[in-house]
Amino acid sequence: MRMRKKAWARPELAECPYFIEEPQALKGKWQEWFPRRGPFHVELGCGKGVFTAEIVRRNPAINYLGIDLSMDVLGSARRNIEQACGEEGRMADNIALTAFDIERVTEILEEKDQVERLYINFCNPWPKGKHHKKRLTHTRQLEKYQTFLQDGGEIWFKTDNTDLYLATQRYLTETGFEILSQTNDLYAQGDPENIVTEHELMFAGQGIPIKRIIARWNRRK
Ligand SMILES: C[S@@+](CC[C@H](N)C(=O)[O-])C[C@H]1O[C@@H](n2cnc3c(N)ncnc32)[C@H](O)[C@@H]1O
């Protein structure tokens, strides 16, 4: 789905105290950037931030970083976050947003950043074999995430796409992640804590089962 250009997105992000223009400068320092120390969770491909805003609202003691390539969707994410935190009567002080290519994520995150959880929601399935390496859950990417996930850190992955779901189980196992839970129909299984993303809303509305995998990275000593 192509996003229409939003003339207001860049100016609003330029004024936003939690939009990070140079995330490379914070590599290894994310824990100090937030006003309060806390668990650090990162969302890859946060899009318009419907999920981001809700998780930030629900968990003020957890610090979040939302990453996306597109300034236009990040502009919408900022507005959604402002609204959610405004409704709680507080500042959005447990979130950072940045525009960055996740294929180069090791330029902005490292082990010292102690990432406790990674969310990957409805990433592009890249269906053609020659493009599989671009999948955000491909082994090539998972090996990058292992450099900054803390011991026992988790990946929470959701998709509508059966091929990507099955391949991701394989990618996770091949790279030594421990699969803690998996379902090919999250709504049939039920999870009252599930936070719906904008793409999830669309796919679930079309009757497409939502798949989810939760996996843990145990660092070898
Ligand atoms: C299909 S949307 C999903 C958005 C949201 N997570 C959801 O579930 O509704 C995928 C998002 O990932 C972003 N994205 C895709 N590849 C990326 C990359 N290599 N680096 C950063 N963002 C990327 C896109 O810009 C888009 O906003």
Side-chain angles (χ1 to χ4, degrees), residues 1-6 9-10 13 19-24 26-27 41-58 64-81 83-84 95-109 115 117-128 130-145 147-148 155-165 167-168 171 183 186-187 191 193-206 208-214:
M1 209 195 317
R2 196 153 283 285
M3 178 93 173
R4 218 174 285 128
K5 276 253 173 259
K6 290 183 172 7
R10 280 167 196 264
L13 288 170
F19 178 70
I20 310 294
E21 299 268 4
E22 290 183 19
Q24 289 99 326
L26 287 180
K27 181 175 174 175
H41 294 186
V42 176
E43 186 185 359
L44 303 179
C46 63
K48 293 184 198 167
V50 170
F51 173 91
T52 325
E54 185 55 25
I55 208 160
V56 162
R57 177 218 299 266
R58 284 192 202 180
Y64 293 94
L65 168 64
I67 308 174
D68 204 286
L69 265 182
S70 159
M71 295 284 272
D72 287 321
V73 296
L74 286 169
S76 298
R78 191 205 68 85
R79 285 189 173 185
N80 283 325
I81 292 163
Q83 183 177 341
I95 175 73
L97 292 175
T98 199
F100 204 76
D101 182 355
I102 294 156
E103 292 198 28
R104 294 167 39 220
V105 69
T106 52
E107 292 177 30
I108 64 171
L109 288 167
V115 176
R117 190 177 291 182
L118 266 185
Y119 289 102
I120 307 174
N121 292 321
F122 300 88
C123 60
N124 190 326
W126 293 107
K128 288 189 185 153
K130 65 179 180 183
H131 293 145
H132 283 181
K133 281 191 179 154
K134 289 174 174 284
R135 290 172 164 176
L136 294 187
T137 58
H138 190 272
T139 52
R140 198 175 70 149
Q141 281 299 122
L142 295 179
E143 284 165 0
K144 295 176 192 167
Y145 309 153
T147 67
F148 57 77
I155 293 184
W156 287 51
F157 164 72
K158 288 194 282 188
T159 184
D160 59 299
N161 185 285
T162 301
D163 282 351
L164 181 63
Y165 170 68
T168 298
Y171 300 150
T183 174
L186 179 60
Y187 290 16
D191 176 357
E193 301 293 314
N194 181 50
I195 296 178
V196 178
T197 83
E198 62 263 23
H199 279 73
E200 179 171 347
L201 198 61
M202 180 178 74
F203 292 124
Q206 294 167 5
I208 299 172
I210 303 304
K211 295 96 175 139
R212 186 178 72 182
I213 304 175
I214 302 174

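All ligand and atom numbering here is 1-based and tracks the order in the structure.
Considering backbone and side-chain N/O of Gly45, one or more are found under 3.5 Å from N/O of ligand 1. Of the polar atoms of Asn124, none of the N or O atoms is found under 3.5 Å from an N or O of ligand 1, judged by distance alone. Note: no N/O pair closer than 3.5 Å links Cys123 and ligand 1 by distance alone. Backbone and side-chain nitrogen or oxygen atoms of Asn121 are examined, and one is located within less than 3.5 angstrom of a nitrogen or oxygen of ligand 1.
Remark: Arg135 pairs with His132, Tyr171 by the side-chain hydrogen bond (donor to acceptor under 3.5 Å, both in side chains) rule, at least two apart or across chains. With sequence neighbours excluded, the residues that form a side-chain hydrogen bond (donor to acceptor under 3.5 Å, both in side chains) with Glu200 are Lys158, Tyr187, Asn194.
Asp160 is not listed as a side-chain neighbour of Tyr165, based on a closest heavy-atom distance of 4.5 Å or more. Considering only heavy atoms from C-beta on, Cys46 comes within 4.5 Å of Leu74 through its side chain.
Annotation: atom 20 (N) of ligand 1 to nearest protein heavy atom, Ile102 N, 2.9 Å. Looking only at protein heavy atoms, the nearest one to atom 2 (S) of ligand 1 is His199 CE1, 3.5 Å.
Distances from ligand 1 to the non-hydrogen atoms of Asp101 include at least one value under 4.0 Å. The shell of residues lying under 4.0 angstrom from ligand 1, judged by heavy atoms, excludes Tyr119.
Distance alone, capped at 3.5 Å, is enough to place a donor-acceptor pair between the Asp68 side chain and the Gly47 backbone. Glu198 contributes a side-chain N or O that, together with a main-chain N or O of Lys48, makes up a donor-acceptor pair within less than 3.5 Å.
Side-chain atoms of Lys27 and Gln24 form no donor-acceptor pair, as typed in the model, at a separation below 3.5 Å.
Ranked by closest heavy atom to atom 14 (N) of ligand 1, the top entry among Asp68, Asp72, Thr52, Thr159 is Asp68. Considering only non-hydrogen atoms, atom 23 (C) of ligand 1 lies nearest to Leu69 out of Val50, Leu69, Leu201, Val105.
Applying the side chain to side chain contact (heavy atoms under 4.5 Å, CB included) test between Leu118 and each of Phe148, Phe157, Trp156 identifies Phe148 as the sole match.
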Practice task
Evaluate side chain to side chain contact (heavy atoms under 4.5 Å, CB included) for Leu44 paired with Tyr119, printing each intermediate quantity in order.
Solution key: CA-CA 6 Å; Leu44 303 179; Tyr119 289 102; over 6 Å; no
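Annotation for ligand 1: atoms under 4.0 Å from non-hydrogen atoms of Thr197 are 7 (C), 8 (O), 9 (O). Those atoms of ligand 1 that come under 4.0 Å of a heavy atom in Gly47, given as number and element, are 4 (C), 27 (O). In the vicinity of Phe122, heavy-atom distances shorter than 4.0 Å reach the ligand 1 atoms 1 (C), 2 (S), 3 (C), 8 (O), 10 (C). Within ligand 1, counting atoms from 1 as listed, the ones closer than 4.0 Å to a heavy atom of Phe100 are 20 (N), 21 (C).
Within a 4.0 Å radius of atom 5 (C) of ligand 1, the protein contributes at least one heavy atom.
At a threshold of 4.0 Å, the pair Lys144-Glu103 does not count as salt-bridged, since none of the basic side-chain nitrogens sits closer than that to a carboxylate oxygen.
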